[in-house]
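A short worksheet on the structure shown next.
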Amino acid sequence: MTTNQELFDRAQRVIPGGVNSPVRAFTSVGGTPYFVARAQGPRVWDVEGNEYLDLVQSYGAIIGGHAHPVIIEAIRAAAGDGTSYGAPTEREVLLAEEIWTRVPSCDKVRMVSSGTEATMTVLRLARGATGRTRVVKFAGNYHGHGDALLAQSGSAVAHLDAASSPDGIPGSAGVPSSAVADTLVVPYNQVPHLDDTVACVIVEPVAANMGLVAPAPGFLEGLRAECDRVGALLVFDEVITGFRIARGGAQATYAITPDLTCFGKVIGGGLNVGAFGGRSDLMDLLAPLGPVYQAGTLSGNPLATAAGLAALGLLDDGAYDELHATAAALASGLQGALTRAGLVAVVPVVGSLVGLHFGHRLPVDYDTARDTDEETYAAFFHAMLDRGVALAPGAYEVMFPGLAHTPEVIERIVEVASDAALAVAATT
Ligand SMILES: *Cc1c(COP(=O)(O)O)cnc(C)c1O
C-alpha cells in the first residue's frame, strides 16, 4: 500500500512543494498532507484508507457532497458525447439561462475555466467600459492569483504578505510594481472615498478568505452609492458566495445590485469552471460584439457545464433552508465545544458559511482577522484530523458544510471537536 508520506516524497521531487495549489501543502499547519483516494458525500478516504468527515469540500466547489450520483451521472452522460468541441453547445445556453434566473443582475453571462480567469477578465472589462485604469480592492479579499489583484489577498497568500513590504504590495514575487500601480488596497468594511479615476471596486460581499467576515451594516450599500457617485463599476466576487449562501448569492441576501459579478466553485459542480456576468451594455463590450477581448479553448466545456447544471439542479429553496440550518448547527456546536474546553475562539456564521477565529472578537477586517492564533488553529486542525475530521490546513479558510452534512454528521463532528478542543487545551 502507498502511504501519504511516500506519495508526498515522490510528489515533492516532481511538483513544486508536492502540490498543485499552495494551501494543500500543510505549510502553515505542519505535517504531511493526506492524499485523497476517493470521496463520497461528507467523507473522504486517503490512500492509507483513513476516513475523514470533510469540511473542505474542495474549498467550496462541492455543495451537494462528494461524488453526488446526479452530478456523476451528468458528467458520465456528457463525456460519452465528447469532451470539447470548439463550437457552442446547448448546455452553455441552459447554464447561462439558469444563472440569469437566479441572479437578476446578470443579463448576460460568459463562462471561463476558473475564478481567477473570471476576476481577471472582469477587471479588463471594467477598464474597457469606463476608460479608467484604477481598481480598488479590499485587504484580505482573495480574487484569484492574477497580478493586479494578488496584493493582501488573505487565504494562503497571507503568509507571503507577512514576508513582503509593510504596505503589502505586491504580495508575490514576480509581480512587477507596474502591474499593481493602479491597484488600491483599502480596509474591508469601510467605504472608501473614490474619485473619477476608479474603473471598479471589487469586493467579496461576504469575505471568506480571511476567515469569515460578514459585511458590516451599510458597507455594501455604501459601496454601491460611492461607485454611483463617481461612475465606477461595482464588482461582486461571488466565487464562494454565489449559489452557496442563497439562491441568488450575496447580492440577493443583502439586496444590492452590482454591475458585474464573478462566479466559480459551486457553479462548476466540482469541475473547472468560472463565469462572470452583468448588465447587457457592459457584457456586450466583449468580443465578438465589442472591443474587450476574452477567449478560452475550454470555456463552457461540455463536462463542466453538465456538472454545473446538475449542481444547480440540487439547489432549490429547500436546499438553502437545509444548508443554513446545517451551518448554524455546526457553528453553535463548535462554539460550545471550544468554549467548554476553555479555548478562546469565535465561530462566525453567514448563511451556509462557517468561520473559525482563535481570538476574543469577531474579525471585521484583515487586521483583526490576522489576530487569529495560528498556532492554536494548527493544533486544533491536527487534533481534528487525528480524530477523523478534515478542516482546511490554513487558518484563513472557512468551512463548507453542504447538503451531505446531515444532522448526524454534524453531531459527530461536534463530538470530535469537543474531544479535540480538550486535547488542545491540555497542551497549551
Ligand atoms: C477561489 C476564489 C477565487 C479564485 O477561483 P479559482 O477557481 O481558484 O481561480 C476568486 N475569488 C474568490 C472569492 C475565491 O474564493
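The first residue of the sequence shown is numbered 1, and numbering continues consecutively from there.
Sequence neighbours left out, not one pair with a member in residues 275-319 passes ring pair (Phe, Tyr, Trp, His ring centres under 6.0 Å). Applying the ring pair (Phe, Tyr, Trp, His ring centres under 6.0 Å) rule to pairs touching residues 249-275 yields Phe243-Phe263, sequence neighbours excluded.
For Trp100, the CH2 atom sits in a loose shell: 12 or fewer heavy atoms of surrounding residues, nucleotides or ligands are nearer than 6.0 Å.
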Which pairs of donor and acceptor atoms, one on a side chain in residues 321-328, lie under 3.5 Å apart (sequence neighbours left out)?
from: His324; atom 1: NE2; to: Ile245; atom 2: O; distance (Å): 2.7
from: Thr326; atom 1: OG1; to: Glu322; atom 2: O; distance (Å): 2.8

Which pairs would a plain distance check flag for residues 348-359, meaning a side-chain donor or acceptor within less than 3.5 Å of a matching protein atom at least two apart in sequence or in another chain?
from: Ser352; atom 1: OG; to: Arg244; atom 2: O; distance (Å): 2.6

(request) Using the salt bridge (charged side-chain N to carboxylate O under 4.0 Å, His left out) rule, take Arg412 and Glu408 through it: C-alpha gap first, then chi angles, then the decisive distance, then the call. (result) CA-CA 6 Å; Arg412 176 67 195 145; Glu408 295 72 38; over 6 Å; no
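Looking at residues two or more places apart in sequence or on another chain, you find no salt bridge (Lys or Arg N to Asp or Glu O under 4.0 Å) involving Glu97. Under the salt bridge (Lys or Arg N to Asp or Glu O under 4.0 Å) criterion, Asp259 pairs with Arg224, Arg279, sequence neighbours left out.
Between Leu330 atom CG and Phe400 atom CZ the span is 12.5 Å, to the nearest 0.5 Å. Atoms CH2 and CG, from Trp45 and Asp54 in turn, are 10.5 Å apart once rounded to the nearest 0.5 Å. Rounded to the nearest 0.5 angstrom, Thr121 OG1 and Leu260 CG are separated by 11.0 Å.
For Tyr59 and Tyr142, the ring centers sit 6.0 Å or farther from each other.
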